[in-house]
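I have placed the structure first, in the form of structure tokens, so that the comments after it can refer back to it.
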Amino acid sequence: MPQSLTIVDTINALRKDIKALKASSKTIGLVPTMGALHQGHLSLIEFAKQKCDIVVCSIFVNPKQFGQNEDLSSYPRPLQDDIDALERIGADIAFTPHVKEIYPKGFQTNVSVKQLSQCLCGASRPDHFDGVATIVSKLLLICQPDIAIFGEKDFQQLLIIKTLVKDLNIETQILGSPIIREVDGLALSSRNQYLSNEERKIAPHLYATMQQVAQTLKQSTSIAEHLKQAKKTLIDHGFEIDYLELRHSEDLTPITNLTEQSSDRARLFAAVKLGQTRLIDNIPF
Ligand code: PAF
């Protein structure tokens, strides 16, 4: 069993380490990330440490999940800081492959979880979730972990990954871990560092507005009207709205009418832009 952090950047080296660990009956937990690790990621690693003997954290900025006009080239890549953070928290293996290792010449496979990938973020980021599903499938097949942990901030992503694991009979248990927030309510995200000082002050209004509208909706039947009002509040704060929607948490189908049954399973989802920065959030009902 590794005593300190082992850094591997090839699939063969990772497979060899995993094979040896499994041969000595160690359980493996995988935390896939794109690096720029923050407290949210570290909470996933802590969670994995509680559940498994060995924690693998992958750091790979996956080009397939970025659209043409998105922030692939400017996405933060503070690799040494990430390695230091993984060492401090006691992760066992960092998997840091190069793009060519993951997508060699001739790569042409695409994993698509069709229906769940079309709504919410999928509507404005058409290829994003295929990119996520493809890389996560590869990471699960390479690492063959007992469990893999994903943050609930990307709730749609979490559902898509649970679905692909079920559909493809991958023997990994997928676990979600709650959103970690700043003290003012802003959900932690690697993209928060793009916010200017001014935008950073505005950003917590997203969560505050979502909480307010969730409270109001509990006592009202006019969902559309309250969501419209909340969107106006967000626009007045300076956000550009992609969506603010109430959906069922197990299949993301829209909720137009809140009954006692649907309110148990309801979740409020939002994506907005503040300047150039896209922020997403969701809250249970
Ligand atoms: O949530 C992320 O950071 C990424 O989408 C993931 C799951 C690591 C796949 O690249």
Side-chain angles (χ1 to χ4, degrees), residues 9 11 14 29-45 47-48 55-67 70-79 81-83 85-86 91 93-103 107 109-113 116-117 120-122 124-143 145 147-165 168 170 172-180 187-194 269 271 277-282:
D9 59 7
I11 293 168
L14 182 63
L30 173 67
V31 179
T33 79
M34 298 206 298
L37 302 181
H38 50 64
Q39 208 46 51
H41 296 114
L42 300 183
S43 75
L44 304 182
I45 290 167
F47 188 26
V55 177
V56 180
C57 176
S58 61
I59 298 178
F60 179 66
V61 181
N62 173 34
K64 286 202 186 293
Q65 68 188 77
F66 287 78
E70 293 184 357
D71 55 345
L72 174 62
S73 59
S74 58
Y75 197 84
R77 291 165 168 88
L79 186 59
D81 291 351
D82 289 345
I83 297 291
L86 291 178
I93 300 177
F95 179 47
T96 60
H98 190 269
V99 176
K100 283 190 185 135
E101 179 72 6
I102 296 293
Y103 301 121
F107 184 90
T109 298
N110 185 52
V111 180
S112 185
V113 180
L116 282 172
S117 298
L120 299 176
C121 287
S124 56
R125 305 184 74 193
D127 298 323
H128 171 68
F129 288 117
D130 282 11
V132 171
T134 303
I135 185 62
V136 172
S137 302
K138 280 189 68 109
L139 291 170
L140 295 176
L141 292 169
I142 293 166
C143 187
I147 63 163
I149 301 182
F150 298 84
E152 285 183 351
K153 185 172 87 64
D154 298 292
F155 196 87
Q156 185 174 12
Q157 167 175 283
L158 177 61
L159 282 191
I160 286 169
I161 293 166
K162 282 185 173 168
T163 304
L164 79 84
V165 161
L168 299 178
I170 295 176
T172 296
Q173 187 188 6
I174 303 299
L175 299 176
S177 184
I179 298 178
I180 305 291
L188 295 195
S189 162
S190 303
R191 289 191 167 100
N192 289 353
Q193 57 188 277
Y194 297 154
F269 294 89
T277 310
R278 184 179 161 88
L279 302 174
I280 60 171
D281 206 338
N282 66 84

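Given the structure is predicted, the values throughout are model-derived calculations rather than measurements. Remember, it's 1-based here, ligands and their atoms both numbered in the order they're listed.
Electrostatic pairing of E70 and R125 counts as a salt bridge here, judged by a charged N lying under 4.0 Å from a carboxylate O.
Side-chain atoms of T172 come within 3.5 Å of backbone atoms of P145 as a donor-acceptor pair (strictly under, hydrogens ignored).
Every atom of ligand 1 with a heavy atom of Q65 under 4.0 Å away is listed here by number and element: 4 (C), 5 (O), 9 (C), 10 (O). Below 4.0 Å from some heavy atom of I135 lie the following atoms of ligand 1, by number and element: 9 (C), 10 (O).
Between T96 and L79 the shortest side-chain heavy-atom distance falls below 4.5 Å.
When heavy-atom distances to ligand 1 are checked against a 4.0 Å cut-off, T33 comes that close only through its backbone atoms N, CA, C and O.
Among protein heavy atoms, atom 7 (C) of ligand 1 sits closest to Q157 NE2, 3.5 Å.
Classified by interplanar angle (parallel below 30°, tilted 30° to 60°, perpendicular above 60°), the ring pair Y103/F60 is tilted.
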